[in-house]
> 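The following block contains the structure, expressed as structure tokens.
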There are 2 protein chains.
Amino acid sequence: MIGEHLAKLDTKTKILIHAEKLFAKQGFNSTSLREITTEAEVNLASVNYHFGSKKTLIQAVLSRYLALFMPQLIKELDQAENNLASTVNCFFNALRILDTINSDSAKNFLMLVGRGYSESQGHLRRYIQSSYAQELNQIFEHFNRVTPHLNKEALFWRLHFCLGAMVFTMSSSSALSEISESDWGASINVNHLMQKLVPFINASLATQTQINLTQGEV
Amino acid sequence: MIGEHLAKLDTKTKILIHAEKLFAKQGFNSTSLREITTEAEVNLASVNYHFGSKKTLIQAVLSRYLALFMPQLIKELDQAENNLASTVNCFFNALRILDTINSDSAKNFLMLVGRGYSESQGHLRRYIQSSYAQELNQIFEHFNRVTPHLNKEALFWRLHFCLGAMVFTMSSSSALSEISESDWGASINVNHLMQKLVPFINASLATQTQINLTQGEV
DNA sequence: ATAAATTTAAAACGCTTGTTTGAATTTATG
DNA sequence: CATAAATTCAAACAAGCGTTTTAAATTTAT
């Protein structure tokens with residue numbers, strides 16, 4: 001409480017760093033506290049001491065990213081031109097600020113978000129959406145402004161699908177490396193993946209009208 | 001070995017059905033054999049008796065879907081018109097045949113595929129890609145034929161991103177229901193999601209050229 | 001320098017995991 | 001009907017889990 005200096009924060013931070021890495025790689029439930037503390041070279045009990053519980057640790061890991069990412073994104077959006085490409089760029093630029101934590105942080109962040117949506121951790125998504133309700137709304141409105149050809153519901157779905165493409169791409173990055181290397185001899189890293197994603201997402205949101213359903217009941 | 005009739009297969013099938021459901025809902029690692037056998041109302045040891053191990057059970061669950069889905073997809077592709085919309089429709093039609101197993105099977109199947117890519121279960125993806133190498137190639141070539149505006153690498157990426165959109169959408173369907181209901185008062189089911197996905201995927205693959213990167217290094 | 005507060009450390013807690021075992025039971029065959 | 005094979009069952013296994021406890025060590029404040 002009183003002495004908030006280096007030595008104290010170190011253990012806490014070490015835990016966060018390695019928890020982040022392992023959560024993204026293996027998921028929340030498949031990563032044990034012992035795995036985290038062993039890699040972080042800290043005592044097992046210090047997790048419960050510093051964070052209370054595993055659940056709280058999970059939220060803390062995500063908070064660490066969001067606290068960096070969200071303000072940065074808002075800042076970039078404020079300075080951005082009022083067109084789609086610039087807006088999409090803001091998003092990827094803001095992702096890149098996470099690299100100050102460590103390399104691959106952008107990937108890990110997206111994977112965590114994805115796991116927050118899909119793993120039976122509904123509380124995580126609700127936590128994000130309530131903690132950053134205002135920012136999320138601001139972001140959505142910004143996209144809404146630069147996509148006048150889409151109504152709000154259409155935009156919502158396209159953003160969701162784009163998020164899926166991003167999350168899945170980052171989640172399967174190791175698989176993609178394997179495939180790509182055997183198919184084209186080209187190795188792949190996070191930057192390569194983002195380079196592929198940016199134009200895809202731009203195109204996905206830019207498309208004016210979508211082909212109508214051609215079948216009766218789906 | 002000898003009596004391959006109803007009673008014998010029943011336990012095996014009961015396990016498969018409930019394992020499928022729980023794996024899709026919670027992931028492989030987060031689902032215990034005890035959870036499966038309790039829901040299936042069979043003895044715990046029968047999993048190892050019939051399938052050998054949990055790992056083999058996971059493969060068996062996916063095999064069950066693939067054995068239905070793949071031939072159906074190939075069949076539909078053979079009969080389809082040589083254009084993109086028809087090809088995409090084949091995919092969703094083939095998904096729909098899984099509903100003969102039980103409702104929501106299409107969703108569970110896609111979620112399982114997604115988990116096979118992202119969960120540290122690389123063996124699952126390799127299993128799919130080696131067991132269905134010929135079919136996968138055939139499918140890719142069919143898409144390649146109806147998207148002459150895309151080279152093979154571009155097509156690979158777009159298909160991957162579309163798969164991500166699908167997988168993520170199905171994985172987050174419960175979250176989507178929650179959001180959608182509070183935002184538009186509209187409830188959502190798998191069919192609704194597919195209706196949203198079809199035009200998105202059509203548009204994603206149809207787009208001729210993609211916007212070029214506007215920044216230096218990503 | 002001493003007392004208080006904080007942080008580490010090791011051990012144990014009860015619980016759940018996948019898997020194995022050996023006997024009981026059901027099923028199929030001669 | 002008896003015999004053999006196939007299946008089910010309850011019980012136990014070792015190993016791993018999150019968490020708690022107890023005590024020692026270290027840092028901070030008086």
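Below, chains carry the letters A, B, ... as their sequence lines are ordered, and counting in each starts from 1. Worth knowing before you read on, the calculation uses all heavy atoms, side chains too, and leaves out hydrogens, waters and symmetry mates.
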> Would you mind reading off the distance between A/Ile15 atom CD1 and D/dT19 atom P, rounded to a whole angstrom?
13 Å
> With heavy atoms under 4.0 Å as the rule, sort B/Thr37 into base, sugar-phosphate or nothing.
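No contact at all - B/Thr37 keeps every heavy atom at 4.0 Å or more from the nucleic acid.
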> In terms of the nearest nucleotide of DNA chain C, which residue is placed more toward the 5' end: A/Tyr49 or A/Arg34?
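Closer to the 5' end of DNA chain C: A/Tyr49.
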> Parallel under 30°, tilted from 30 to 60°, perpendicular over 60°: which one fits the rings of B/Phe109 and B/Tyr65?
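Taking B/Tyr65 first and then B/Phe109, their aromatic rings stand perpendicular (interplane angle over 60°).
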> Under 4.0 Å from OP1 or OP2 of D/dA10: is there any side-chain N or O of B/Asn43 that close?
yes
> Looking at D/dA6, I'd like to know if its phosphate oxygens (OP1 or OP2) sit under 4.0 Å from a side-chain N or O belonging to B/His50.
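So the side-chain polar atoms of B/His50 never come under 4.0 Å of the phosphate oxygens OP1 or OP2 of D/dA6.
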> Just the rounded figure in Å: distance from P of C/dG18 to CG of B/Asn48.
9 Å
> Compare side-chain N and O positions of B/Thr11 against OP1 and OP2 of D/dT8 and report whether any pair is under 4.0 Å apart.
yes
> Just do the side chain to side chain donor-acceptor pair (under 3.5 Å) check on A/His18 and A/Glu41 with the steps written out, would you?
CA-CA 10 Å; A/His18 291 90; A/Glu41 294 176 322; over 6 Å; no
> Please report the distance, rounded to the nearest Å, between CZ in B/Phe51 and P in D/dT8.
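Nearest whole value for this atom pair: 11 Å.
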> Between A/Trp157 and A/His160, how do the two ring planes meet: parallel, tilted or perpendicular, split at 30° and 60°?
perpendicular
> First locate atom NZ of B/Lys21, then atom CD1 of B/Ile17, and finally report the distance between them rounded to the nearest 0.5 Å.
9.0 Å
> Is the A/Phe91 ring parallel, tilted or perpendicular to the A/Phe69 ring (thresholds 30°, 60°)?
perpendicular
> Let me know the distance between NZ of B/Lys54 and C1' of D/dG16, rounded to the nearest Å.
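For the pair B/Lys54 NZ and D/dG16 C1', the rounded distance is 13 Å.
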> For a quick check of understanding: with a heavy-atom distance under 4.0 Å over all strands, which category does A/Ser46 fall into, base, sugar-phosphate or nothing?
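Nothing: the residue A/Ser46, judged by heavy atoms under 4.0 Å, touches no strand.
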> Between B/Ser32 and C/dT17, is there a contact of a side-chain N or O with OP1 or OP2 at under 4.0 Å?
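Affirmative; the distance criterion is met.
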> Taking CD from B/Glu35 and C1' from C/dG18, how many angstroms apart are they, rounded to a whole number?
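Rounded to the whole Å, the gap is 14 Å.
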> Which whole-number value in Å describes the distance from B/Leu44 CG to D/dA12 P?
14 Å
> Whole angstroms only, please: what is the CD1-C1' distance between B/Ile58 and C/dT17?
14 Å
> Rounded off to whole Å, could you give me the CZ-to-P distance for the B/Phe23 and C/dG18 pair?
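That distance rounds to 9 Å.
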